[in-house]
Number of protein chains: 2
Amino acid sequence: MQLHLLHEDDFFKWDIILKKNSRLSLALHTLAHMANAPDKIRTSADIAEHAGTNPVVVRRVLGHLRLAGLLVSEKGHAGGWRLARSPDKITLADVYLALDESLISSSDEVKSHNCSLERALHNRVADIMSDIEESLLDRLKATTIVEICE
Amino acid sequence: MQLHLLHEDDFFKWDIILKKNSRLSLALHTLAHMANAPDKIRTSADIAEHAGTNPVVVRRVLGHLRLAGLLVSEKGHAGGWRLARSPDKITLADVYLALDESLISSSDEVKSHNCSLERALHNRVADIMSDIEESLLDRLKATTIVEICE
DNA sequence: TTATCTAGTAACTATCATAGTTACGTAATA
DNA sequence: TATTACGTAACTATGATAGTTACTAGATAA
């Protein structure tokens, strides 16, 4: 039925490219607004309305930023979200890493590389992908949240 | 029903990140094998079996490379696929661009940026994304198909 | 001429990631 | 004690991708 069952040499995959993913945008959007008025506490409902999405989605995304120590949240009356530290100490790399995405997906399913060509190919490309991710991070580290809303 | 209908300030999106996408891998895999034996003509069925996928998928992906002038294909008896030029003249950037993917997706749906903050944010991030894609391309241009299978 | 082989492509299905949504538990406070 | 807001599970809807079937067009061998 499926051709790839016929061949044990399971195909390996890399991906650069983009994902249909608005988490990064939502995170940056929110952080930028917070940087402009750091003392204001915002509820997920406020943020969702401003960003045109749903409070649960907001809590989901900002939860990653909380885990990464970029935001703090408080429950109950007068609760909500605020920056955990000065916005000039938060870089785009912090945000990117907080969202736990990776530029490179070298599939785990890399099994038997029968031919040496495939092994070589895999290693070469993996090295290049590492280079690329490193330079991506360097570029993101160079910009803080404050700078993107000046 | 949908909150984003309540707010005209339609949210804009960027994406870095990766897509679940094996086209790049299939393309590189195939090109690397062709570089090793440039005179051999390969059918989509051969390639599919070796890559563990389906001939139609192969023709779909390689079709992009043909449009980009990296491969040629011939129909009929003894037809199939081969390199359109020397593999040391094909860089990873050629392949990446042939597949018509873009690292950056600054959504077309960027409508009204009501607040100036959003305009600034959008412009800043777009600039950074351009930087990143440029350096990605530079890195990919630096490696040829021949080099990834040495 | 005819059979065969191969690319090109449309159309459909299956799978998966994501976002959106509802619902409810937990914690804080007026 | 009622209210507010986060935390999170569970479900649905949507869209991208790959896989698959089936067909057409073109090229060659017999």
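Each chain gets a letter, A, B and so on, in the order its sequence line appears, and its residues count up from 1.
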Original post:
Closer than 4.0 Å, any side-chain N/O of Thr53(B) to the OP1 or OP2 of dG19(D)?
Top reply: yes

**OP:** Send over the distance from Ile47(A) CD1 to dC6(D) P, rounded to a whole Å.
**Re:** 7 Å

Original post:
Does a side-chain heavy-atom distance below 4.5 Å link Lys141(A) with Asp138(A)?
Top reply: yes

Subject >> Nearest-nucleotide pick for Arg23(A), side chain only, options being dA22(D), dA5(D), dA19(C) >> reply: dA19(C)

Original post:
dG7(D) phosphate, OP1 or OP2: any side-chain N/O from Ser73(A) under 4.0 angstrom?
Top reply: yes

Original post:
Any idea which heavy atoms bring Arg42(B) and Met34(B) closest together, and the distance?
Top reply: NE-CG, 3.7 Å

Original post:
Of the nucleotides dC6(D), dA18(D), dA19(C), which has the atom closest to the Val57(A) side chain?
Top reply: dA19(C)

**OP:** Carefully, step by step, assess Val95(B) and Ile145(B) under the rule side chain to side chain contact (heavy atoms under 4.5 Å, CB included).
**Re:** CA-CA 9 Å; Val95(B) 181; Ile145(B) 293 300; 4.1 Å; yes

Original post:
Should Ser22(B) be listed as having a side-chain N or O under 4.0 Å from OP1 or OP2 of dA18(D)?
Top reply: yes

Taking only nitrogen or oxygen atoms into account, show me every contact under 3.5 Å that the protein makes with nucleotides 11-13 of chain C, one pair per line with its distance.
unit_1	atom_1	unit_2	atom_2	d
dA11(C)	N6	Arg60(B)	NH2	3.1

Subject >> Listed nucleotide nearest any side-chain atom of Arg66(B), set dA18(D), dG7(D), dG8(C) >> reply: dG8(C)

Original post:
For the side chain of Arg59(B) and the base of dT9(C), is some donor closer than 3.5 Å to an acceptor across the two?
Top reply: yes

Original post:
dA7(C) phosphate, OP1 or OP2: any side-chain N/O from Ser44(B) under 4.0 angstrom?
Top reply: yes

Original post:
Expressed in angstrom and rounded to an integer, what is the separation of Glu74(B) atom CD from dG8(C) atom P?
Top reply: 10 Å

Shorter than 3.5 Å, N or O on both sides, protein versus nucleotides 26-30 of chain D: list them out with atom names.
unit_1	atom_1	unit_2	atom_2	d
dG26(D)	N2	Gly76(B)	N	3.0

Original post:
Could you give the CG-to-C1' distance, from Leu26(A) to dA19(C), as a whole number of Å?
Top reply: 11 Å

Original post:
Between dG7(D), dT18(C), dT21(C), which one does the side chain of Asn54(A) approach most closely?
Top reply: dT21(C)

**OP:** Walk me through it: do Leu140(A) and Thr91(A) pass the test side chain to side chain contact (heavy atoms under 4.5 Å, CB included)?
**Re:** CA-CA 7 Å; Leu140(A) 294 178; Thr91(A) 70; over 6 Å; no

Original post:
Going from CG on Asn54(A) to CZ on Arg59(A), what distance comes out if it is rounded to the nearest 0.5 angstrom?
Top reply: 8.0 Å

Original post:
Does the pair Asp127(B) and Asp131(B) meet the rule for a side chain to side chain contact (heavy atoms under 4.5 Å, CB included), with working shown?
Top reply: CA-CA 6 Å; Asp127(B) 285 349; Asp131(B) 283 0; 5.7 Å; no

**OP:** Would you kindly give the CD1-to-C1' distance between Ile41(A) and dA28(C), to the nearest whole Å?
**Re:** 12 Å

**OP:** Report yes if some heavy atom in the side chain of Trp81(B) is under 4.5 Å from a heavy atom in the side chain of Thr30(B); otherwise report no.
**Re:** no

Subject >> Asp94(A) with Arg85(A): basic N within carboxylate O range, under 4.0 Å >> reply: yes

